[in-house]
Amino acid sequence: MFRRGEPVPFAFVAEADRFRSNVTPPPRRRASVSELAGRVVLTLVVVAGLVGAMLLAVPALEVQLDEPRGQQQEAAER
């Protein structure tokens with residue numbers, strides 16, 4: 001039966017170790033003022049949404065310690 005010396009999925013890893021490119025990638029393009037402003041606005045909207053959700057959730061998370069008044073308690077008080 002034919003058997004390979006190296007498993008097929010890892011053959012490209014051995015090739016990648018030997019290959020070195022002499023081409024440098026182009027420099028990264030700087031973001032414009034409008035792109036930076038858009039990122040800042042988006043960040044502020046997300047943070048404001050999270051803070052607003054927390055402010056709306058706080059009353060729902062409060063524990064009420066008052067027990068509901070039942071007929072037995074009312075009868076004992078009379």
Side-chain angles (χ1 to χ4, degrees):
M1 178 153 191
F2 180 72
R3 184 176 172 120
R4 296 177 186 227
E6 185 176 345
V8 175
F10 300 106
F12 67 92
V13 175
E15 262 183 50
D17 286 340
R18 284 184 256 137
F19 178 74
R20 297 285 183 243
S21 175
N22 60 355
V23 179
T24 59
R28 292 184 65 178
R29 187 177 62 90
R30 294 186 67 172
S32 67
V33 174
S34 61
E35 288 175 336
L36 289 175
R39 290 177 189 169
V40 168
V41 168
L42 179 65
T43 302
L44 289 175
V45 166
V46 169
V47 170
L50 291 173
V51 169
M54 286 300 298
L55 289 176
L56 290 175
V58 166
L61 295 175
E62 290 180 359
V63 178
Q64 293 181 354
L65 298 177
D66 297 336
E67 294 180 7
R69 297 180 66 123
Q71 291 179 353
Q72 294 175 354
Q73 290 178 349
E74 290 177 2
E77 290 177 1
R78 289 184 192 173

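Here the structure is a predicted model, which means the values were calculated and not measured. Throughout, residue positions are numbered sequentially from 1 according to the sequence presented.
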Note to self: For a 4.5 angstrom cut-off between non-hydrogen side-chain atoms, does Leu50 reach Met54?
What the structure shows: no
Notebook entry, point to check: Heavy atoms, side chains only, cut-off 4.5 Å: are Arg39 and Leu36 in contact?
Noted result: yes
Next item on the list: Take Arg30 and Glu35, measure what salt bridge (charged side-chain N to carboxylate O under 4.0 Å, His left out) needs, and give me the verdict at the end.
Entry: CA-CA 10 Å; Arg30 294 186 67 172; Glu35 288 175 336; over 6 Å; no
